[in-house]
Number of protein chains: 2
Amino acid sequence: MGPNDTQGARPPLRGDAGITIRDVAKALNISHTTVSRALADSPKISDETKSRVRAVVAQMGYLPSASARMMRGRRSSLVGLIIPDIQNDFYATVAKIVADSLASHSMQLLLSVTDDNPDRELRELRAILETRPAGIVIVPTALPRPETCALLQNVETVQLVRVHADLAGSAVVIDDRAGIKAATRHLLDSGHTRLAFVGGDETLSTGRERLGGFQDALAERGLKAANISLGSPRPEFARYAVTSMMSARNRPTGIILGSAELTLGALQALRALKLDWPRDVSVVGYHDPAWFELAEGGITTVRLPVEDIATTATTVLLSRLDERQTSGASEVSPGTVQFEPSLVLRGSTRRL
Amino acid sequence: MGPNDTQGARPPLRGDAGITIRDVAKALNISHTTVSRALADSPKISDETKSRVRAVVAQMGYLPSASARMMRGRRSSLVGLIIPDIQNDFYATVAKIVADSLASHSMQLLLSVTDDNPDRELRELRAILETRPAGIVIVPTALPRPETCALLQNVETVQLVRVHADLAGSAVVIDDRAGIKAATRHLLDSGHTRLAFVGGDETLSTGRERLGGFQDALAERGLKAANISLGSPRPEFARYAVTSMMSARNRPTGIILGSAELTLGALQALRALKLDWPRDVSVVGYHDPAWFELAEGGITTVRLPVEDIATTATTVLLSRLDERQTSGASEVSPGTVQFEPSLVLRGSTRRL
DNA sequence: TTGTAGGCGTTATCAA
DNA sequence: TTGATAACGCCTACAA
């Protein structure tokens, strides 16, 4: 008799998804140990027992409890993915690839969206860590809370796209500086001299690097920027920035955008101002969602190796987990992997 | 000296994220029970003890183990979201809203992508169920495996967008028939008589309903379809279908698409054929991603109440969970909630 | 107000 | 080849 043999009390939430290894054992009149071993395909169990166990398991719809398994100290099959925004095509692609890679390793994706809010980032991270995940892939906010950094020290972490100095762990990034530099050079080579840049905040590593690429390219020709607008990496900000710079006199002849979301906002602003690209202004986007090809003659853009970085991030994470498992502590230096973007020429830029 | 001061034996995978309630208790020279109660804010614990516990907890970075908590019979904070494709703007929006709603209830999103593959759907579902989630939100594949249906009977489930008869549980859907009917009528009212429809397979509930709407509208005017192409709901299929129907003689003057991905593919095909919309053919899309506004004069489309269905899905799920918790078994009839789409007129359709 | 003693479902160790 | 038993971290009925 268990603790639930009191009369009035209702059964404690059972009747749910509560088939255990012991239920299977009872049905077969064997010990639960044997069932466990049979399911683990232990060589110590006869083939006949194994197949009888498997039959009953299938018939009863038994599924092992991940929680109980974890309690015994086995590694979790969960990997946390923390990103700013899942509607952003770039991160959606990342999520897809990470999910695919994990699935092929029988692991699962715990998704958290931060909206670039450091407090939410911390809350989501705490919640994820309560599940004791195998690892974490994170696109950190601009200024993570100190506790966020502290918590991440105790779990295998890979930083994606953005890198924050206070965070340990490997990083997989894009050569943003080179990307924007190529975009800027392209417009300079086409005869433009009044160029504007709309990018993310300088508190973001990506914001700094992309701005740096723009400035590097201008410096090569001894030119000054016509306009630089930095802010939140959302369409709203680019709408505002582009609207105001295009309404001023001596407006730029070319605009370089620092993200896909900013590109969307910039095009929306031009559309609202009844300005056409490349007639009224040349535009170079960042990242290459499928629709760039369709927007009025196609958007010239910096194509990012999204597949590469996402695949690499999971590969790095999983291999570090393996190392950690075999060689005790992970002594391998975290290190950073960087991928090169490439410029795709379409109809949104023209020679002056 | 921690628990890892044994000499020869290596610590059993500890050194990881292994701070337990007992470690906190030891640091304070009190029993782990007191710590547990302090964290649960039990009235039986003195305020002084509580604050001392909280201080040490914060300082040591203790986080409760979700597994251990689950083992004690408490409900999981995980909700599984099973969708065909996270790169699809429609499902990305769904994921964002579900993630937000869950976060505000201190719950987490376990994301699975099926790629519309029933076997993968089953594998992912099994993996999710091993975590004993609180519930599941699913956009089922066209033909789920019988085991998938069987497994879903033991967990609170909400079907989203697509409805499959063999699946129990509530459903939150869009009035697809009305949506496509409105799109078709719009073209008919503009003088079109040769209309084509490109949609998803009829094995999908959405495929059947959307096709039905097209046929209903034509039947009202006593017209026949110029072309109907049904297939996989991917851009590739629409590229193929539109390319072939526009290359035939007596081609349609208007095309109605049965999904956003199909719309993308259709536009790509027209672009490749050097055909312009609405000059060479009128186009009505489905769903309204931000870029529809920017694609060559804007795409006339059927706007779907994505926010509504996603919010409702989580609301329904969470409220059913509450009912289940209070009133023993959930006896409330599952039921279906349906939302109405609306037509957005832009530049991709013209009067004939 | 605090402490002791189980037990949740698994797996690993030891014994038969 | 199989079985009994203990332990993982947490929560709670019961005892102090």
Side-chain angles (χ1 to χ4, degrees), chain A residues 1-6 8-9 11-26 28-53 57 60 62-77 129-132, chain B residues 3-4 6 9 11-26 28-53 57 60 62-77 129-132:
Chain A
M1 274 201 287
N4 300 332
D5 51 347
T6 29
L13 288 184
R14 281 303 209 82
D16 208 351
I19 302 150
T20 80
I21 213 174
R22 305 185 107 99
D23 298 328
V24 175
K26 212 166 290 173
L28 283 161
N29 261 322
I30 57 178
S31 118
H32 71 275
T33 313
T34 306
V35 176
S36 175
R37 279 198 273 245
L39 291 175
D41 204 25
S42 154
K44 320 167 96 177
I45 299 292
S46 73
D47 286 349
E48 200 222 322
T49 309
K50 279 182 191 170
S51 59
R52 287 202 305 153
V53 167
V57 158
M60 297 180 74
Y62 163 83
L63 284 176
S65 154
S67 298
R69 201 174 259 167
M70 285 259 318
M71 291 284 289
R72 278 294 322 182
R74 289 187 45 120
R75 234 179 45 203
S76 158
S77 68
L129 289 181
E130 294 196 356
T131 72
R132 304 289 188 265
Chain B
N4 301 334
T6 29
L13 285 184
R14 283 303 209 81
D16 208 350
I19 301 150
T20 80
I21 212 173
R22 306 185 107 97
D23 298 329
V24 176
K26 212 166 290 171
L28 282 161
N29 262 320
I30 56 177
S31 115
H32 67 275
T33 314
T34 306
V35 176
S36 173
R37 279 199 271 246
L39 291 175
D41 204 26
S42 154
K44 317 169 96 177
I45 299 291
S46 72
D47 285 350
E48 201 223 320
T49 309
K50 278 181 192 170
S51 60
R52 287 203 305 153
V53 167
V57 157
M60 297 180 74
Y62 163 81
L63 285 176
S65 152
S67 299
R69 201 176 258 165
M70 285 255 325
M71 292 284 289
R72 279 287 321 181
R74 289 188 42 124
R75 234 179 46 203
S76 157
S77 67
L129 289 180
E130 293 196 356
T131 72
R132 304 289 190 265

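Quick note on labels: first sequence line is chain A, next is B, and so on, each numbered from 1.
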Legend entry - Minimum heavy-atom distance B/Ser31-B/Ala25, with the two atoms named: C-CB, 3.6 Å
Legend entry - Integer-rounded Å distance: D/dC8 C1' and B/Asp23 CG: 13 Å
Legend entry - Length of the CZ-P vector between B/Arg132 and C/dG9, whole Å: 9 Å
Legend entry - Interatomic distance, B/Lys50 NZ vs C/dT1 C1' [rounded to whole Å]: 11 Å
Inset, instruction - Could you say whether B/Ser67 or B/Ala40 is positioned toward the 5' end of DNA chain D, judged by the nucleotide with the nearest heavy atom to each? - result: B/Ser67
Inset, instruction - In sequence, state the C-alpha distance, the side-chain angles, and the governing distance for B/Ile30 and B/Val53, and then conclude on side chain to side chain contact (heavy atoms under 4.5 Å, CB included). - result: CA-CA 10 Å; B/Ile30 56 177; B/Val53 167; 4.0 Å; yes
Inset, instruction - Answer with yes or no whether A/Arg72 presents, from its side chain, a donor or acceptor under 3.5 Å of a partner atom in the base of C/dA12. - result: no
Inset, instruction - Taking all heavy atoms of B/Ile19 and all of B/Met60, pick out the closest pair and write down the distance. - result: CD1-O, 3.0 Å
Inset, instruction - Take the protein atom CG of A/Leu63 and the nucleotide atom C1' of C/dG9, then report the distance between them rounded to whole Å. - result: 14 Å
Inset, instruction - Note the angle between the end axes of the helix from C/dT1-D/dA16 to C/dA16-D/dT1, five pairs defining each, rounded to 10 degrees. - result: 50°
Legend entry - Nearest-Å distance for atom pair CE/P, residues A/Met70 and D/dC10: 11 Å
Inset, instruction - Can you run down the salt bridge (Lys or Arg N to Asp or Glu O under 4.0 Å) pairs that involve residues 31-40 of chain B, sequence neighbours left out, and say none if there aren't any? - result: none
Inset, instruction - Give one of base, sugar-phosphate or nothing for B/Ser65, where a contact means two heavy atoms less than 4.0 Å apart. - result: sugar-phosphate
Legend entry - Value in whole Å for how far the P atom of D/dA4 lies from CZ of A/Arg22: 10 Å
Inset, instruction - Nearest whole angstrom, please: distance from the P of C/dT11 to the CG of A/Leu39. - result: 8 Å
Inset, instruction - Answer yes or no: is there a side-chain heavy-atom contact under 4.5 Å between B/Tyr62 and B/Leu39? - result: yes
Legend entry - A/Ser67 side chain reached by B/Arg132 side chain, heavy atoms, under 4.5 Å: no
Legend entry - Nearest non-hydrogen partners of A/Ser76 and A/Met70, listed with the distance: CB-SD, 3.2 Å
Pairs under 3.5 angstrom, nitrogen or oxygen only, protein versus nucleotides 2-5 of chain C, please.
unit_1: C/dT2; atom_1: OP1; unit_2: B/Thr49; atom_2: OG1; d: 2.9
unit_1: C/dT2; atom_1: OP2; unit_2: B/Ser46; atom_2: N; d: 3.4
unit_1: C/dT2; atom_1: OP2; unit_2: B/Thr49; atom_2: OG1; d: 3.4
unit_1: C/dG3; atom_1: OP2; unit_2: B/Ser31; atom_2: N; d: 2.9
unit_1: C/dG3; atom_1: OP2; unit_2: B/Thr34; atom_2: OG1; d: 2.5
unit_1: C/dG3; atom_1: N7; unit_2: B/Arg37; atom_2: NH2; d: 2.9
unit_1: C/dG3; atom_1: O6; unit_2: B/Arg37; atom_2: NH1; d: 3.2
unit_1: C/dG3; atom_1: O6; unit_2: B/Arg37; atom_2: NH2; d: 2.6
unit_1: C/dT4; atom_1: O4; unit_2: B/Thr33; atom_2: OG1; d: 3.2

Inset, instruction - Give the rounded distance in Å between these two atoms: NZ of A/Lys26 and P of C/dG9. - result: 10 Å
Inset, instruction - Please work out if A/Arg69 contacts a base, only the sugar-phosphate, or nothing of the nucleic acid, heavy-atom cut-off 4.0 Å. - result: sugar-phosphate
